[in-house]
Protein chains: 2
Amino acid sequence: MAAQLKKQYQCLVLFCLYFCLCVESLRPGFPYRKHHHAREADNTGYNYKTAYFEQKIDHFGFANDDTYKQRYLVADQYWDKNGGPIFFYTGNEGDIAWFCNNTGFMWELAPKLNALLVFAEHRYYGTSLPYGPDAVKDPKKLQYLTSEQALADFAVLIQELKANVPGAQTSKVIAFGGSYGGMLAAWLRIKYPNVVYGSLAASAPIWSFIGQIPCDAQLQVVTNSFKRESLTCVKNIRKSWGIINTMGATDSGRARLSTTFDLCALLNSTADTEALKSWLVEIMFNLAMVDYPYPASFLEPLPGWPIKAVCAPLSTEVVDEVALIEALSKAVKVYYNYTGQAKCLNVNENAVGSLGDELWGYQACTEMVMPSCSNGVTDMFEPAPYNFSQISDQCYKQFKVRPRKSWVITQYLGKSLSAASNIIFSNGLLDPWSSGGVLKSISPSLTAFVIPNGAHHVDLRSSNPGDTPDITKTRLAEEYIIHKKWIEGDNL
Amino acid sequence: MAAQLKKQYQCLVLFCLYFCLCVESLRPGFPYRKHHHAREADNTGYNYKTAYFEQKIDHFGFANDDTYKQRYLVADQYWDKNGGPIFFYTGNEGDIAWFCNNTGFMWELAPKLNALLVFAEHRYYGTSLPYGPDAVKDPKKLQYLTSEQALADFAVLIQELKANVPGAQTSKVIAFGGSYGGMLAAWLRIKYPNVVYGSLAASAPIWSFIGQIPCDAQLQVVTNSFKRESLTCVKNIRKSWGIINTMGATDSGRARLSTTFDLCALLNSTADTEALKSWLVEIMFNLAMVDYPYPASFLEPLPGWPIKAVCAPLSTEVVDEVALIEALSKAVKVYYNYTGQAKCLNVNENAVGSLGDELWGYQACTEMVMPSCSNGVTDMFEPAPYNFSQISDQCYKQFKVRPRKSWVITQYLGKSLSAASNIIFSNGLLDPWSSGGVLKSISPSLTAFVIPNGAHHVDLRSSNPGDTPDITKTRLAEEYIIHKKWIEGDNL
């Protein structure tokens, strides 16, 4: 029961996994990750300045007049100071420098369109910390960690920049964001169309909330992304859960599993076996998120089309149970040990505990109620229902808050988006989060782009010789709308 | 200095005056008002049921899970339960029953368009009291009194009604509101277009905030509304301030003023003289708000075109100073003693102190920063500058909060409304609040109606044989848009 709950909880926090690199790089004992993080920055070499803006901690109430310093990064070397546009990245749940360095599309567009680049950090992440790093321990101090407050930060910061930066008064502001940042970019245009003229919301699962899609939709996409490479791979994975359960029920079996997967710590209990399975589900979920056509280091350093590589050891039918688990372990190591530097694999590596995870956990326990489950029939996972009240109790235990099921849907228009305008929704179909994305255009100014060969917000990444034509075409179409319809278009 | 501050503060709270009837009727010692209030209800005889909905006190944070019971009034006798529209009044700063009984236009439209009528009370007013009637004494308990929280209440209530009232699932919801309620109606459509399909925002001064209009704009309209009846009346009023100052500087002069105005309490100091002047400014402001063409009892029982009646004793040039003050006192009594029932006039009648005033005072001290001043040159008042920092200090002293100058402008789009849709802005040009209203259509779906002979949201009142053609025409045009464009139109 506890293991299942933990798994569901992890499904909720999966969404934030891809920023853990930065957060975890701050912790001792992760030299591999530290190295990885540094290399990403070296690769990009983008040139920006760091600035801070004093924000109200509570925009929606006046009893608390405390402030915090919000970090934002600015690159003005391409900017036409006579009204050139402002490209504004709406920071996600992590260190803004990392998003800045991983959003090459903005850096490629800026010199073409003479834009000012601004990357604004999300409150409570990175170094933008109301009440400091210990706020996470106090529900009263954490209460200002909401998307509404974050959007208000962005809106106030933009108004401030437009008022005070010489040349910015008439600049059109275009918001960019990916994943949760993409949701924020869309919501910023929806709620503050006075502040941003248009938004590119890449891989923004704005329809992933309760009742909007079936809870098994995400893991169905993961299954499909694996199926695309090998139907046998999917069959083998589905078969493996029962074998792990059987082996994981005995001491000798758990020892065998521990050795096969090169685990850093021996599996000691059936709870540990559950943790192993959760970890495997996470890996598969992540693989679908980062199934880019070229070698990349987004979550982990990986080859191009990593699912293909992962499925290679699993693409012939394996009858022998031990052999199947061995094949699965080879597959997993493609994800976690592609560079061959890890001595052992840590099942708890991405589990709840690091600061960033906890903060996203709080958001998942309040507003970001995005259910996940698996049916075991059309997907390749064990059946695992979604249990809202269990999660709610867990949230109360951890943070003294309970999630509100439909608040975000009421607040951000749900599926009734047609009164909004000037938003591009892009989704890669390999990405599990595409299941909650806007996949069909809603109106002439609410445009959906679907990228069949695309993983998680691939369009925000720098262009790459390995890009498939649908990826390249999408970036061009996005550039066209941003340039011709928004920057050069009439004021809306 | 203090008197001037008080005057400015009263200018801020003037906006809420017209609901004081209900609030003050709850206080002992106001039989006249009580009687008045009861008669209004008798006159209308509208038939509705009272209901309550449990709302979160804090929609924008999760640390506080407290709730309160929001009152709303429902009339379903005209409703076509197969998807007939819902007309939803967004309650102002007062008892919702009073708004319900003073919004005859909705009651006239409902049977024609088979609508369900819902009048929702604004949190902290009437009987919808988070933390009870004593919340006003505690800044921590008052902190949830914001327009954002009120709009969230309305949105959540509407979603709840649509989900649970049989027949309401496909109903289009149209918001109606006047004055601050009109601002809320417009903002509800702007921020929650998923919840309301269109809004009639009557006399909603959404552009009255700092920097949006000159602070003397309101009192300029008051002056114009008087000038329309008699230029000499305006000249006499302008002249009277100096006379009051001279008389008010001595004991004998103050005694004379007290007698002339039939004041209940003798003027004892120059501060009292300042209070008298503030009271007179308020009366003139209110007269411009309620300058309806037929006898009405909105703020006070008054004849038709009350400014004409008020100006009658002042429409010939009065040279003698005492005679001028006597004429002014006759004028004032048209406003405060039209029915001849008052034994004396109470200068502090509308001053800060009653519960409703204090609550609106809090809103004026936080979000609703609508400056007021007079120049003494183009208007008929004494020059009185607007001093934000003084008001801010006063607010801190009273409520432990400070107003945020530009938050409301950022939050509710300011003058950049063009991305919004389906809002009717109506304004009567006699009404001082029209100075901050939207007087020109912004787009085909953001329509402005200007009513040259109209006072404060006259179009929301029941039709009356005394209505001027521009008033009648505006109601017809509003009905056309609501009926043909919104209810029968395509989904937007």
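Lettering follows sequence order; numbering is per chain, from 1. Because the structure is predicted, anything quoted here is derived from the model rather than measured. Atom set for the values below is all heavy atoms of this structure, side chains included, hydrogens, waters and symmetry mates excluded.
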For this session: Calculate, to the nearest 0.5 Å, the distance between atoms CD and CD belonging to Q159(A) and Q411(B) respectively.
Result: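 The CD atom of Q159(A) sits 11.0 Å away from the CD atom of Q411(B).
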
Exercise. Does the side chain of F60(B) reach to within under 4.5 Å of the side chain of Y144(A), using non-hydrogen atoms?
Worked result: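 SC-SC contact between F60(B) and Y144(A) ruled out.
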
For this session: Starting at NZ of K415(B), measure out to CG of N194(A) and round the result to the nearest 0.5 Å.
Result: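 Nearest 0.5 Å value for the NZ-CG distance: 14.0 Å.
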
For this session: Between chain B and each of T146(A), I158(A), V195(A), count heavy-atom pairs under 4.5 Å; write down the option with the most.
Result: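 Ranked by contacts with chain B, first place is T146(A).
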
For this session: Check each atom of T410(B) against the heavy atoms of chain A and say whether the ones under 4.5 Å are side chain, backbone, both or neither.
Result: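 It is both, since atoms from each part get that close.
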
Exercise. So which part of L142(B) gets closer than 4.5 Å to some heavy atom of chain A, the side chain, the backbone, both or neither?
Worked result: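 Answer is neither: L142(B) stays 4.5 Å or more from chain A.
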
Exercise. For the candidates V401(A), L151(A), T366(A), which exhibits the highest count of non-hydrogen atom pairs separated by less than 4.5 Å from chain B?
Worked result: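 Most heavy-atom pairs under 4.5 Å with chain B: T366(A).
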
Problem set entry | Closest-packed option against chain A by number of heavy-atom pairs under 4.5 Å, given E148(B), K140(B), H59(B) |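 The residue among E148(B), K140(B), H59(B) with the greatest pair count is H59(B).
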
Exercise. How about K162(A): does its NZ atom have over 12 heavy atoms from other parts shown lying under 6.0 Å from it?
Worked result: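 More than 12 within 6.0 Å, yes.
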
Exercise. Does R404(B) make a cation-pi contact with F62(A), if we ask for NZ or CZ under 6.0 Å from the ring centre and within 45° of the axis?
Worked result: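 Ring-cation test returns yes.
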
Exercise. Are any side-chain N or O atoms of K400(A) and backbone N or O atoms of A63(B), one a donor and one an acceptor, separated by less than 3.5 Å?
Worked result: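 It does not hold such a pair.
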
For this session: Let me know if K56(B) has heavy atoms under 4.5 Å from chain A in its side chain, its backbone, both or neither.
Result: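 Contact with chain A is through the side chain of K56(B) alone.
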
Exercise. To the nearest 0.5 Å, how far apart are CG in D65(A) and OH in Y396(B)?
Worked result: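 Reported value, rounded in 0.5 Å steps: 8.5 Å.
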
Exercise. Measuring from D58(A):CG to Q143(B):CD, what's the distance to the nearest 0.5 Å?
Worked result: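 Answer for the CG-CD pair, D58(A) versus Q143(B), is 7.0 Å.
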
Exercise. Is it the backbone or the side chain of I409(A) that comes under 4.5 Å from a heavy atom of chain B, or both, or neither?
Worked result: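 Interface part for I409(A): backbone (N, CA, C, O).
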
